[in-house]
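What follows is a short report on a single structure.
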Amino acid sequence: MAAAKGPLEGMKVVELAHIMAGPVCGMMLADMGADVIKVEKPEGDDTRRFLPPDINGESAAYMMMNRNKRGIVLDLKSEDGKAVLRRMLETADVVIENYRMGTMEKLGLGYEKLREANPGLIYCEISGFGRTGPYAGRGGFDLIAQGMSGLMSITGEGAGRPPVKSGAPVTDITAGILGALGCAAAYARKLQTGEGQKVDTSLFEAGITHTYWQSAIAFATGVAPGPLGSAHPLNAPYQAFRTEDGWINLGAANQKNWERMLAVIGAEELASDPRFANNHDRMQNLPALAAILDDHFSTRTSAEWLERLEAAGVPAGPVLDVGEMHRDPQTLHREMVVETTHPTAGPVKAIGLPIKFSETPGGVIRPAPLLGQHSREVLAEYGWDDDAVDAFLASGAVRESAAGR
């Protein structure tokens with residue numbers, strides 16, 4: 001199978017990354033058409049051991065993060081393994097790495113060394129805190145980044161409650177997306193000038209980008225806002241409300257939608273209540289407003305309210321679990337659930353490409369590789385014949401799966 005026919009077709013990427021942030025970056029580029037070769041250590045990416053869950057023995061987590069990539073195994077502790085990687089990087093457009101600071105330099109594969117042979121190389125580093133500054137040498141994890149970026153101070157039900165992180169690893173995923181954006185921007189410049197450059201982003205900065213509204217408040221007032229549950233820090237009503245049989249989200253913050261919502265729930269008298277006259281007043285009296293609206297919404301089912309609110313043009317939606325989201329007709333129409341056939345796991349579902357292109361659609365066409373599945377294929381592309389590959393395999397510098405033979 002060829003790479004997805006996306007806008008980045010022709011971009012050659014070598015991914016030296018593991019677990020999540022770096023693999024998200026590589027996955028995004030691959031989904032948009034880049035040829036991404038994932039280089040794994042002999043024991044494989046750690047997500048191969050994120051079990052359960054598995055599908056016929058294959059890690060579901062690994063397969064989610066590494067679709068659309070080809071896979072090769074190199075022992076970078078061996079000279080032959082490093083020699084193979086150097087040759088691959090001589091013609092690569094992008095290399096992605098999320099090792100600890102200094103690891104690539106110890107291997108003789110740091111940016112300054114690599115750019116001597118390939119001035120057009122885009123060297124993407126994704127780390128916990130970035131490659132400069134007082135925390136540059138620290139390792140990074142999503143939980144730590146969520147706490148230090150301020151996210152955990154604004155997530156949860158309210159003051160005095162235990163700190164809560166976002167359920168999704170938002171700094172890992174966002175750092176990967178930022179890395180992919182940086183690579184695409186650097187590639188656009190490379191196509192103009194032939195020059196590569198470093199792209200440096202981090203989980204810490206990825207978390208900070210999610211505080212735009214709260215940072216605006218803190219800059220303006222000097223007071224750091226705290227958690228509000230599902231409520232918005234600047235607009236009301238804009239939060240979840242309990243219904244007779246569950247929860248709905250309501251976005252009735254602007255004045256028109258506020259008035260339409262009051263008509264739907266039969267509470268027009270609130271329009272003249274001075275506590276709720278405009279958005280400023282509603283934010284000042286949010287607890288009282290939320291209690292009143294909870295009483296109204298608890299009288300009917302979620303489906304009844306959503307039908308009435310939609311008919312009135314008031315933004316609202318259900319609170320779906322992940323399985324319900326997968327089955328939602330909009331999810332399916334937008335191809336956000338896709339399926340590939342894995343050589344051992346069989347049919348495997350994945351999340352689709354969240355960006356739609358009219359002329360170069362990209363997409364998910366290749367399952368995640370078995371460990372070393374494409375080692376022989378990739379080495380042949382870089383000029384090694386079968387005898388040379390066999391010698392690499394015999395020395396342990398390269399590994400391959402049965403599917404790659």
Could you pull out every donor-acceptor pair under 3.5 Å between side chains of residues 171-185 and any protein atom, sequence neighbours left out?
| unit_1 | atom_1 | unit_2 | atom_2 | d |
| --- | --- | --- | --- | --- |
| T171 | OG1 | D142 | OD1 | 2.6 |
| T174 | OG1 | V170 | O | 2.6 |
| T174 | OG1 | H210 | NE2 | 2.9 |

Tell me yes or no: between the side chains of [X] and [Y], is some donor less than 3.5 Å from an acceptor?
| X | Y | answer |
| --- | --- | --- |
| Y382 | R87 | no |
| D80 | S78 | no |
| T344 | H342 | yes |
| T301 | D245 | no |
| Y123 | E97 | yes |

Is it true that, when you exclude [X] itself, more than 12 heavy atoms of the residues, nucleotides or ligands shown sit nearer than 6.0 Å to its [atom1]?
| X | atom1 | value |
| --- | --- | --- |
| K356 | NZ | yes |
| E269 | CD | yes |
| Y135 | OH | no |
| E259 | CD | yes |

Give a yes or no answer on whether the side chain of [X] reaches the backbone of [Y] with a donor-acceptor pair at less than 3.5 Å.
| X | Y | result |
| --- | --- | --- |
| R300 | W305 | no |
| T243 | F297 | no |
| N285 | A288 | no |
| Q255 | A277 | yes |
| R282 | A253 | yes |
| S59 | D54 | no |

By salt bridge (Lys or Arg N to Asp or Glu O under 4.0 Å), E381 pairs with (sequence neighbours left out) R70
Those residues at least two apart in sequence (or on a different chain) that pass side chain to side chain donor-acceptor pair (under 3.5 Å) with R138 are none
Which of R67, R48, R49 passes side-chain hydrogen bond (donor to acceptor under 3.5 Å, both in side chains) with Y62? It is R48
- prompt: What about the rings of W384 and F392, do their centers lie closer together than 6.0 Å?
  reply: yes
Would you call K190 and E195 a salt bridge, using N to O less than 4.0 angstrom? no
Query raised in the report: Are R327 and E324 within salt-bridge range, i.e. N to O under 4.0 Å?
Result: no
